[in-house]
Amino acid sequence: MLDEERVRLMTRLALYEQTQGKEDFKISEYYRKDYAGMHVVCSIIWTTIGYACLAGIIVLAGLQALLANMSVGFLVTLGAVAIAGYLVAVIVYAFITSHIYNKKHKNARQRVKKYNHDLLKLLKMYEKEKR
């Protein structure tokens, strides 16, 4: 005779494994700081690439005005603004990325813990049946 509670538990476990479980198991293999740090580094790299492309487009668009106002003071000011803008962008994106991936890891770990708890519950049901 089938135990309805055990069938429900097995169905819930199988559904989790096939949907969120695949990603959650990969995420939970990492420590939270390592997982978030890896994504922060990727975010910094992509922010740098994006900022360089944007700066290149802006320089090309305003090349005529840049050449017309060519002076050391203007170039130093322009460079300082570009570096300050880059640092602000990197810090903002790194902070946002860190927050998002810390939260994502925390949620995945909670789901995996619940999954492990349900597995133990299922194991106890089988052991109880054997007695």
Side-chain angles (χ1 to χ4, degrees):
M1 186 168 164
L2 292 175
D3 184 13
E4 288 184 28
E5 184 180 347
R6 185 171 34 173
V7 171
R8 280 192 211 115
L9 186 59
M10 291 172 67
T11 304
R12 186 170 62 220
L13 290 170
L15 182 65
Y16 173 75
E17 287 175 0
Q18 292 178 357
T19 55
Q20 291 178 323
K22 292 178 184 179
E23 185 178 349
D24 287 350
F25 295 141
K26 290 178 187 176
I27 291 171
S28 66
E29 289 176 359
Y30 295 98
Y31 290 111
R32 185 172 41 91
K33 287 183 179 181
D34 292 341
Y35 181 71
M38 176 178 60
H39 287 284
V40 167
V41 168
C42 289
S43 173
I44 289 171
I45 291 170
W46 284 110
T47 302
T48 301
I49 291 170
Y51 193 83
C53 290
L54 182 66
I57 290 171
I58 290 172
V59 166
L60 288 176
L63 190 60
Q64 187 174 10
L66 180 67
L67 292 174
N69 294 330
M70 190 80 103
S71 71
V72 174
F74 178 72
L75 291 178
V76 168
T77 304
L78 188 63
V81 168
I83 291 172
Y86 170 73
L87 290 175
V88 167
V90 165
I91 290 169
V92 167
Y93 276 103
F95 179 75
I96 291 170
T97 302
S98 175
H99 178 72
I100 288 171
Y101 284 100
N102 275 325
K103 188 173 182 180
K104 188 173 183 178
H105 186 275
K106 178 182 171 190
N107 293 339
R109 273 307 288 157
Q110 286 176 346
R111 289 190 296 267
V112 169
K113 282 182 181 180
K114 184 174 182 343
Y115 172 80
N116 288 335
H117 176 72
D118 287 346
L119 278 179
L120 287 173
K121 192 185 225 183
L122 182 63
L123 180 64
K124 287 179 183 178
M125 285 180 183
Y126 275 115
E127 287 176 355
K128 186 177 180 182
E129 181 183 291
K130 286 183 181 180
R131 293 180 193 174

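We use all heavy atoms of the structure for the numbers below, so side chains are in, but hydrogens, waters and symmetry mates are not.
The number of heavy-atom neighbours closer than 6.0 Å to OH of Y30, taken from other residues, nucleotides and ligands shown, is 12 or below. Within 6.0 Å of CD on Q64 lie no more than 12 heavy atoms contributed by other residues, nucleotides or ligands. Within a 6.0 Å sphere centred on CZ of R32, heavy atoms belonging to other residues, nucleotides or ligands number 12 at most. Open room surrounds CZ on F95; 12 or fewer heavy atoms of other groups in view lie less than 6.0 Å from it.
To the nearest 0.5 angstrom, C53 atom SG is 11.5 Å from I58 atom CD1. Taking CD1 of I91 as the start and CD1 of I96 as the end, the distance is 12.0 Å to the nearest 0.5 Å. Going from atom CG of L13 over to atom CG of N116 covers 9.5 Å, rounded to the nearest 0.5 Å. The CG atom of L123 sits 13.5 Å away from the NZ atom of K128 when rounded to the nearest 0.5 Å. Here the NZ atom belonging to K104 is positioned 4.5 Å from the CD1 atom belonging to I27, to the nearest 0.5 angstrom.
None of R8, R12, K124 except one satisfies the salt bridge (Lys or Arg N to Asp or Glu O under 4.0 Å) rule with D118; the exception is R12.
I49 and Y51 fall into different hydrophobic clusters, where Ile, Leu, Val, Met, Phe, Trp and Tyr residues are linked whenever their side-chain heavy atoms come under 4.5 Å apart, directly or through other members. A continuous path of ILVMFWY side-chain contacts below 4.5 Å connects L67 to F74, so both sit in one hydrophobic cluster.
R6 forms a cation-pi arrangement with Y126, by the criterion of a distance under 6.0 Å to the ring centre and an angle within 45° of the ring axis.
Residues V7 and T11 share a closest heavy-atom pair of O-OG1, 2.7 Å. Residues A36 and N102 share a closest heavy-atom pair of CB-OD1, 3.4 Å.
Residues D24 and Y115 have side chains that never bring a donor and an acceptor to within less than 3.5 angstrom of each other.
Counting heavy atoms from C-beta outward, E29 and Y35 have side chains that stay 4.5 Å or more apart. Taking the side chain as every heavy atom from C-beta outward, E5 and L9 never approach each other to under 4.5 Å. For the pair D34/M38, no side-chain contact is recorded, criterion being any heavy-atom separation below 4.5 Å from C-beta on. For the pair V41/I45, a side-chain contact is recorded, criterion being any heavy-atom separation below 4.5 Å from C-beta on. Counting only heavy atoms from C-beta outward, the side chains of L78 and L66 approach each other to under 4.5 Å.
A side chain to side chain donor-acceptor pair (under 3.5 Å) check over residues 86-96, counting only residues at least two apart or in different chains, returns the pairs T48-Y86.
At a threshold of 4.0 Å, the pair E23-R111 does not count as salt-bridged, since none of the basic side-chain nitrogens sits closer than that to a carboxylate oxygen.
In this structure, the ring of Y101 has its center no less than 6.0 angstrom from the ring center of H105.
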